[in-house]
Amino acid sequence: MNIPSKYDPASVEDKWYSYWMENGFFRSTPDQREPYCIVIPPPNVTGVLHMGHMLNNTLQDVLIRRARMQGKNALWVPGTDHASIATEARVVSKLAAEGIKKSDLSREAFVKHAWDWTHKHGGIILEQLKKLGASCDWDRTCFTMDEALSESVIKVFVDLFNKGLIYRGVRMVNWDPQALTAVSDEEVNHKEVASKLYYLRYQVEGEEEFITIATTRPETILGDTAVCVHPEDERFSKFHGKKVLVPLVNRSVPIIVDEYVDREFGTGALKITPAHDINDYELGLKHNLESIDIFNDDGTLNEAARVLVGEDRFKARKLIVPMLEEAGNLVKTEDYMNKVGFSERTDAVIEPKLSLQWFLRMKDLGAPALEHVMNDDVQLQPAKFKNTYRHWMENVKDWCISRQLWWGHRIPAYFYGEGPMDYVVAESMEEALELARERSGNSQLKTEDLHQDEDVLDTWFSSWLWPISVFDGIRHPDNEDINYYYPTNDLVTAPEILFFWVARMIIAGYEYRNEKPFDSVYLTGIVRDHKRRKMSKSLGNSPDPIELMKKYSADGVRVGMLFCSPAGNDLLFDESLTEQGRNFSNKIWNAFRLVKGWEVDPGLEQPAHSAEAVQWFETQMNRAFIKVEDQFLKYRVSDALMIIYKLFWDEFSSWYLETVKPAYQKPIDRASYEATLGFIDGLMHMLHPFMPFITEEIWQLIMERKPAESLMVSLMPTPESYDKKLRRHFEEIKEVITSIRFIRNEKNIAQKEVLKLMVRSSKDSKYRKYLEPVIIKLANLSDVALITEEPEGAVSFIVKNVEYFVPVGSMVDAGEELKKLEEELAYTQGFLLSVQKKMSNERFVQNAPAQVVEKEQQKMSDAEGKIAVLEAQIEKLKGQV
RNA sequence: GGGAGCUUAGCUCAGCUGGUUCAGAGCACCUGCCUUACAAGCAGGGGGUCACUGGUUCGAAUCCAGUAGUUCCCA
């Protein structure tokens, strides 16, 4: 078999991905095996792959591939999300570029445009995931607007409505004046903004007295319906029960008292605008205040404002200040930092607004979801997110589920009359008609008389059903798929959607399956650049994942992502990491090339050093298997990879291969060759979940494979117990070899030059003679001699109290040797002293566990032995200097 | 304003229920090597009073309290 000297990822990756697809290795159907399932966090249907997706999906693929190789029936369900606001915004701007306004289109026409857009751009991201190697069952690809999923959403809405959990009402909502829709609390980002605090005085009605308030939003005074002071604030007690005139419009409003007011803030008096501030709204309800909405939906002032009508809210703020000044109401202005809410989608400043919306009652619904995370039925990884989760769930508010958009699931409420309550909720028009006839008592109602609610549902109202609806478990709760795969095993997602999505999936899970949706949630970090800036298009600091994979290979990028991805921590991504990943591929390829290039001589006996190395590397493999297993249990994927990385690079390549490697153009014995190929096979298995492509390529080249054979569906070896003593001894002789290499370096002796080694062991420190062949090979020695008397002209070192001497003739510098030994002696004496101090402390000996004391005892005698050896050597050297 | 977390080598992070004189990894760095698997490499090496202060303990990077800095979440 001819192995190309350069690894060519591009062709290899396409070749094996097609092969896996053709053989249906990604597909899963229920069977007798234990299931392992992940549902993908559905990306926006029209989105493109970014670094966050890369991280997230690499992790999912690692988990899925590993489970598959452990013999589980692994299923990774892919799909996309219709992303109401984001998609609609894109379609609107695309139409705008063509000179078409959304308002000129009918709902049907607009939705058609949106579908066209979806079909054109939808699924690009899924194609990109294939480049990464994602082993999703593509036959099961779902979209939240598919018929089955849409029906599930509507069915759930109707069900919750009938349970009395969904209601319609006027509430203060977060209004996005740009997207012209309500958004949920979770879709609002609060940012600190430098603004001004305006001090305005209101005249007390019928008097020449004034009361001064402070506000950041002077334009909203036009909607004021009260001024509020603290009941115990003596500065204002004389005003209790009086009225003030709102500046500019001279509307008379009451002065009310409430303990809500913070006496320290501003002047201690507060203007109340119930229509435009959530706190004022609450006060308004409490004190029965009128509520004057002065804004249009797009954020311009309406007729109710009476002045500046038609101006935008921010322009109005600028314009009203000189007007107030002129009218004598402006006392002063101060610079002020305050927090302002911005829309997650459009970045427009959110306007608190009273509006008629649909809500879902969350308190009772959420109770099981809180309980089952707190008791670890659903595990959050890392667990530190439990705190945040609890805080949110304990203060959960009703969920505003309606959006004033057209792209999405239309709310299945049908109005039959003019009144706000003249509606019915049903899964279809036919059912709605029947219900409406019943409710209205009018049996003559026709479908034309019914009018469906214009709003659509929040996107998360479909995503929260995802782990159930991808298996059609809402419409058919007892189907084979849902019974087999649900609850799923792991969910991999970003912490910023813990509440948007994860919490709500848990809620829906308990409500509709009476069961958690997944066993554990792996929360990844946010991908940032090396300066800790969030990767974003506008900053231009986010590499294009597709380009990155072209440059460094998919395996390289996967490894690069994983190297910097501890769970729950932000990860600072840098291209050098993918470079490291690519270098690793190169290393693997070359190691394989070396082994495959060996010629086997069946008549050759296995050299002793190779036999020992084979046994030793077996212990290393098993040890690594066990450690990797442990890391995966803790979801420490990064550390698991690092263990295998070091196993391959340091232990296998640098130690093992260097030991068994025959001299140039010399053949190798059969036993060593086969053992080595076996190790490569095992290493490819361990590495496959992380680097699927290169490992498959190599595995296929190890030997002739049968059709439809593949590494990705072969079983992972299981860890066995290993010879700990052999491993320890090998570590000792590694230290010996390194020490000899250090001497070569120091004395400028080339590796080619053959050296001698002399060993003196004492009764309580043993030289590992059986590993001697390995030392001879790797340190390039002629022989090792056991001695009792110290030789002349040799450099010495000590490993585990065994003395080693390398004769270097005239190159030995006795003075330098002496200095080195004296330094080591001083250190060891200091060490001994500290241990002795500890041991002479009665309280330590009494209180510390026996094991610890024993260990200290051992340290003490070891140190004493070493000191004796050192002192003898120093004594001898002193005679020479 | 309320809550949570973080602070260990130049960088990114490990260090479990306190026990090798004050400690590990990867990368980066330094020195020497183009030794025919790999210079995308090999061999060797240096580097940290574990943020600060105090306490508990025979013993603290590890537990407790406070201080400073920093990040995130919620309002």
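Residue numbering restarts at 1 for every chain, and letters A, B, ... go by the order of the sequence lines.
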In the 5'-to-3' direction, what one-character label does each nucleotide of nucleotides 35-48 of chain B receive under the scheme B = base within less than 4.0 Å of a protein heavy atom, S = sugar-phosphate only, - = no such atom?
-> -BBB-BSSSSS---

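Relative orientation of the Trp589(A) and Phe592(A) rings is tilted, given thresholds of 30° and 60° on the angle between their planes.
Pairing partner, G41(B): C33(B), with both Watson-Crick or wobble hydrogen-bond distances short of 3.5 Å. Checking U67(B) for Watson-Crick or G-U wobble geometry (two distances, each under 3.5 Å) identifies A51(B) as its partner. Pair check for C72(B) finds G3(B); Watson-Crick or G-U wobble, both atom distances under 3.5 Å.
Side-chain N/O atoms of Gln580(A) and Tyr645(A) include a donor and acceptor closer than 3.5 Å.
Taking atom OH of Tyr389(A) as the reference point, atom P of C74(B) lies 15 Å away to the nearest angstrom. The distance between atom CZ of Phe573(A) and atom P of G26(B), rounded to the nearest whole Å, is 21 Å. In this entry the distance linking CG of Asn395(A) with P of C74(B) reads 12 Å, nearest Å. Counting to the nearest Å, the P atom of G2(B) and the CG atom of Asn387(A) are 18 Å from each other. Atom CZ in Phe563(A) sits about 15 Å away from atom C1' in A28(B), given to the nearest Å. Look at CD1 on Ile743(A): it is 23 Å from P on U31(B), rounded to the nearest Å. In this structure, Asp639(A) places its CG atom 13 Å from P of C16(B), rounding to the nearest Å. In this entry the distance linking CD1 of Ile644(A) with C1' of G26(B) reads 15 Å, nearest Å.
With C72(B), G26(B), C73(B) as the candidates, the nucleotide lying closest to the side chain of Arg528(A) is C72(B).
Counting non-hydrogen atoms under 4.0 angstrom, Arg636(A) reaches the backbone sugars and phosphates but no base.
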Show your working on ring-ring contact (aromatic ring centres under 6.0 Å, His included) between Tyr389(A) and Phe385(A) and close with a plain yes or no.
-> CA-CA 6 Å; Tyr389(A) 182 87; Phe385(A) 285 106; over 10 Å; no

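Thr524(A) has its side chain out of reach of Thr493(A): every pair of non-hydrogen atoms, C-beta onward, lies at least 4.5 Å apart.
For Lys734(A), the side chain to side chain donor-acceptor pair (under 3.5 Å) test picks out Glu651(A), Glu731(A), with sequence neighbours left out. Scored by the side-chain contact (heavy atoms from CB on, under 4.5 Å) test, Lys550(A) finds Glu547(A) as partners (sequence neighbours excluded).
For C16(B) and U56(B), the P atoms lie 24 Å apart once the distance is rounded to whole Å. A14(B) and G2(B) have their P atoms separated by 29 Å, given to the nearest Å. Nucleotides G46(B) and A25(B) are separated by 12 Å at their P atoms, to the nearest Å. Comparing G59(B) with U20(B), their C1' atoms sit 13 Å apart, to the nearest whole Å.
Residue Lys397(A) has a polar side-chain atom (N or O) positioned under 4.0 Å from OP1 or OP2 of A75(B).
Nucleotides of RNA chain B nearest to Gln580(A) and Thr828(A) differ in position, and the one nearer the 5' end is that of Thr828(A).
Heavy atoms from other residues, nucleotides or ligands lying under 6.0 Å from NZ of Lys747(A) number more than 12.
Contact record, Val12(A) with Phe693(A): CG1-O, 4.0 Å, taken as the closest heavy-atom pair.
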